[in-house]
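Below, chain A is the first sequence line, B the second, and so on; all start at residue 1.
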Amino acid sequence: MSQKVRVRFAPSPTGPLHIGGVRTALYNYLFARKTGGTFILRIEDTDQTRFVPGAEQYILDSLAWLGISPDEGVGSDGPHAPYRQSERKALYKQYADQLLKEGKAYYAFDSSEELDEMRALFESKGSAFQYNALTRVKLRNSLAMSPAEVDALLASDTPYVIRLKVPAKGEIRFQDSVRDWVHVHTSSMDDKVLMKSDGMPTYHLANVVDDHIMEITHVIRGEEWLPSAPLHILLYQSFGWQAPQFAHLPLLLKPEGNGKLSKRDADLGGFPVFPMEWVDPQTGTVSKGFKQEGYLPAATLNFLAFLGWNPGTEQELFSLAELVDAFSLERINKAGAKFDVNKAKWFNQQYLKQADIAELAQANLPSLPLKDAEAFVHLFLDRVTFPQEIGQLVHEFSNRPSVFDEAVMANKWNLEAKNGLEVIAAQLPACTSWEAEGIKQTIQVALEESGIKMGKVMQILRVALSGNGAGPDLMISMQLWGKEEVIERLHAALSVFPKLES
RNA sequence: GGUCCGUUCGUCUAGGGGUUAGGACACGUCCCUUUCACGGAUGAAACACGGGUUCGAUUCCCGUACGGACUACCA
């Protein structure tokens, strides 16, 4: 029975897609590609109160940016359209009715207020209220009331929900791809709402119905769903359907302390938890995105893939294609993974160094002639984590220094250094081939003739020209500044330095 | 509180009844570079605890501790 693999990523459009959700999408994508299956995007928008405009497009854009776009679903259509649950509303009712007819579900008329009261009552007695086999007989539902009463309520348009009648006794078990056997007694489960009073299905119903109709073979989702997996299994059983294979992914944890990674951690830590920048349509609050921070898609994917999975080899850098090749559900970890921004940066650096020089040049130094821009990229690429830092460095590089590294001045500025700089300043105009090697020659010869050691002067020369005690190769820097600029900067320094002595 | 899940260096993790417990990030030192960065080398750094099972347990089992998720007419 080798069914064709069909997996889905099923986010709710309630805000920006969380990075943990992106990892879930990635694992689904990898598994689909690995097995020659189909990756489906379904939008679970059954909660009308939490709908956020733009969120769905944000999900699409994010997946597209990362290159893990779905084969089927919202944004790309397919044989099971529509893929937006709000547009499938009518469908769910008939399945709920089926369970109703078979006595596996029932009407419940309890209002939210009544249920809140029950919860408060139970809590005051030190226990937790559950709508289950024990309590449902005393509540307002079609199991506890006479048929005539129920009909009357229904006829008078009294709001109701449909609840699943969970058996009082029994055990639900399933074999999770990540956690192996999981079993739960039905006595600890409650009669979950299947249809809400607004006529919309809850997540549980819609999810199970759609996964079945869309022929989903593997449900790969976050661990937060593990507690409701037995309920879903029970639903499959109630319908007489075969349940898909489940794989519950470990959570992404906050970098410090404990708990699920949240937006707050991002603000605190100064790193993004969203794939792309998000502007809250209500408040206008801007949340950082991996994309805008300068993370490359491949680096983001590689980093995310390793949070909860590893190939079992010592290779760490994987292209998307290599990830597909190496991926397997069996190698997913059980324990939650802390989000470590240092590791993310390291991955980015690795990918940045492999990036196309011309592309980086055009993207980050658009105002410069391509040849110059490329030279700058070469000069700075090894010292940056994010591409936009290149532009920043070039900007600083191009500006004449106004402050000079004090520590270096204190240590190295002396008569010999001064003489060295003067000699260099005197000889540089005579340098005929203004490129790194030629400049070096000129300086070497000039200093040798004056009997001055290079080591005594070079760092001071660097400070004189750039202001900094450290930086990229000085000769190449001088070449890029240009002869006149270098000479002018040198003279400027020579006139300022003596005044800096105190 | 209840249910479920988890626990190897600070972090991501490999491993698995007998290993010097491996790699990567971060950190230290050294080399390269008269600088810095990159790169290379190297160091420090871990099997939560207690019982079993076993000739032998970090690995298997059971407890305990700790952590987490869930506990809505949210997903």
Side-chain angles (χ1 to χ4, degrees), chain A residues 10-14 21 44-47 49-50 85 108 110-112 115-116 119 122-123 125-131 159-163 176 178-179 182-185 187-190 192-204 206-207 221-231 248 250-251 253 255-260 303 306-317 331 333-347 349 353 379-384 405 408 412 453-463 466 468-474:
Chain A
S12 294
T14 55
E44 310 220 324
D45 57 348
T46 53
D47 186 355
T49 64
R50 293 210 308 161
Q85 289 184 328
D110 319 86
S111 69
S112 301
L115 291 174
D116 286 344
R119 290 193 188 97
F122 271 68
E123 200 174 333
K125 291 189 297 188
S127 63
F129 170 70
Q130 273 213 116
Y131 210 118
Y160 67 86
V161 300
I162 298 174
R163 287 182 182 270
D176 188 277
V178 176
R179 279 146 226 285
V182 174
H183 14 90
V184 178
H185 289 100
S187 60
S188 69
M189 296 164 59
D190 59 351
K192 276 277 174 325
V193 170
L194 264 23
M195 291 294 291
K196 303 185 255 186
S197 57
D198 66 357
M200 274 290 195
T202 58
Y203 167 82
H204 305 292
N207 188 264
R221 66 197 342 177
E223 189 187 339
E224 67 269 28
W225 294 109
L226 193 55
S228 50
L231 169 73
H248 288 95
L251 257 18
L253 273 18
E256 276 155 40
N258 299 301
K260 233 166 139 178
F303 167 66
F306 272 70
L307 249 31
W309 172 89
N310 77 84
T313 66
E314 286 182 0
Q315 183 182 347
E316 298 221 65
L317 263 19
R331 293 205 63 90
N333 294 111
K334 293 174 167 58
K338 287 190 180 183
F339 183 96
D340 180 9
V341 72
N342 273 326
K343 195 84 176 209
K345 285 180 179 171
W346 178 77
F347 272 112
Q349 224 170 74
K353 281 195 283 188
L379 191 63
F380 291 120
L381 195 56
D382 278 342
R383 11 189 23 100
V384 299
D405 190 304
V408 177
K412 303 276 178 77
K453 289 232 168 67
M454 265 188 114
K456 301 280 184 189
V457 191
M458 293 311 283
Q459 208 180 2
I460 279 295
L461 177 61
R462 172 183 294 284
V463 172
S466 73
N468 299 318
D473 188 282
L474 230 202

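No engagement by A:His248 is indicated, since no non-hydrogen atom pair under 4.0 Å with the nucleic acid exists. Backbone-only contact: A:Thr46 has heavy atoms under 4.0 Å from sugar-phosphate atoms and none from a base. Using a 4.0 Å heavy-atom cutoff across all strands shown, A:Pro250 reaches no nucleic acid atom at all. Within the 4.0 angstrom heavy-atom criterion, only backbone atoms of the sugar-phosphate kind lie near A:Val193; the bases stay farther away. Residue contacts shown for A:Gly222 are absent, as no nucleic acid heavy atom lies under 4.0 Å away. Note on A:Asp176: nothing from the nucleic acid sits closer than 4.0 angstrom, heavy atoms only. Residue A:Ser112 is classed as a base contact, given a heavy-atom separation below 4.0 Å to a base. Looking at heavy-atom distances under 4.0 Å, A:Arg179 makes contact with sugar-phosphate atoms alone, never a base. When heavy atoms are screened at a 4.0 angstrom cut-off, A:Lys260 is found touching the sugar-phosphate backbone but no base atom. Backbone-only engagement by A:Lys353 is indicated by non-hydrogen atom pairs under 4.0 Å involving sugar-phosphate atoms exclusively. Among the heavy atoms of the strands lying under 4.0 Å from A:Ser188 are primed sugar atoms or P, OP1, OP2 only; no base atom is included. Contact annotation for A:Ala337: backbone-only contact, meaning every heavy-atom pair under 4.0 Å involves sugar-phosphate atoms and none involves a base.
Going from atom OG1 of A:Thr46 over to atom NE2 of A:His204 covers 9.5 Å, rounded to the nearest 0.5 Å. A distance of 5.5 Å separates CD of A:Glu223 from CG of A:Leu251, quoted to the nearest 0.5 Å. Atom CH2 of residue A:Trp346 and atom CG of residue A:Leu317 lie 5.0 Å apart, to the nearest 0.5 angstrom.
OP1 or OP2 of B:U13 sits under 4.0 Å from a side-chain N or O of A:Asn333. Contact check, A:Arg119 against B:C73: a side-chain N or O comes under 4.0 Å of OP1 or OP2. Between B:G15 and A:Arg331, a contact under 4.0 Å exists linking OP1 or OP2 to a side-chain N or O.
For the pair A:His183 NE2 and B:C4 P, the computed distance is 10 Å after rounding to whole Å. Following rounding to the nearest Å, A:Asp340 (CG) and B:G23 (P) show an atom-to-atom distance of 19 Å. Between the CG atom of A:Asp382 and the C1' atom of B:C38 there is a distance of 4 Å, rounded to whole Å. Rounded to whole Å, the distance from CE on A:Met200 to C1' on B:A75 is 13 Å. A:Gln85 places its CD atom 9 Å from the P atom of B:A75, with the value rounded to the nearest Å. Summarising the geometry, the separation between CZ on A:Arg50 and C1' on B:C73 is reported as 13 Å, rounded to the nearest angstrom. The separation between A:Glu314 atom CD and B:U13 atom C1' is 11 Å, rounded to whole Å.
Comparing B:C73, B:A75, B:C70 against the side chain of A:Pro227 picks out B:C70 as the nearest. Relative to the side chain of A:Asn310, the nucleotides B:C70, B:U13, B:G6 differ in distance, and B:U13 lies closest. Set against B:G39, B:A26, B:A75, the side chain of A:Glu44 has B:A75 as its closest nucleotide. Looking at the side chain of A:Lys196, the nearest of the listed nucleotides B:C73, B:A69, B:U11 is B:C73. For A:Val182, the listed nucleotide lying nearest its side chain is B:C4; candidates were B:C4, B:A24, B:C73.
Taking atom C1' in both B:C47 and B:G15, one finds a spacing of 11 Å when rounded to whole Å. If you take atom C1' in B:U20 and the same atom in B:C38, they sit 32 Å apart, rounded to whole Å. Atom C1' of B:A48 sits at a distance of 23 Å from the matching atom of B:U54, rounded to the whole Å. Straight-line distance between the C1' atoms of B:U8 and B:G2: roughly 31 Å, to the nearest whole Å. Spacing between B:G43 and B:G23 at atom C1', rounded to whole Å, works out to 16 Å. For the C1' atoms, the distance linking B:A26 with B:G10 amounts to 8 Å, nearest Å. For the P atom pair drawn from B:G63 and B:G6, the interatomic distance equals 13 Å after rounding to whole Å. Separating the P atom of B:A21 from that of B:C30 is a span of 29 Å, rounded to the nearest Å.
Of the options A:Arg179, A:Arg221, A:Glu224, A:Lys334, a side-chain hydrogen bond (donor to acceptor under 3.5 Å, both in side chains) to A:His248 is made by A:Arg221 and by none of the others.
The aromatic rings of A:Phe306 and A:Phe347 lie tilted to each other, with the angle between the two planes from 30° to 60°.
Each of A:Arg462 and A:Tyr203 has a nearest nucleotide on RNA chain B; the 5'-most of these lies closest to A:Arg462. Mapping A:Gly312 and A:Glu224 onto RNA chain B by nearest heavy atom places A:Gly312 closer to the 5' end of the strand.
Looking at residues two or more places apart in sequence or on another chain, you find no salt bridge (charged side-chain N to carboxylate O under 4.0 Å, His left out) involving A:Asp340. Taking A:Asn468 as the reference, nothing meets the side chain to side chain donor-acceptor pair (under 3.5 Å) condition, with sequence neighbours excluded.
For A:Lys343 against B:A24, a side-chain-to-base donor-acceptor contact under 3.5 Å is present.
By the 6.0 Å contact criterion, NZ on A:Lys196 is enclosed, its count of non-hydrogen atoms from other residues, nucleotides or ligands being greater than 12.
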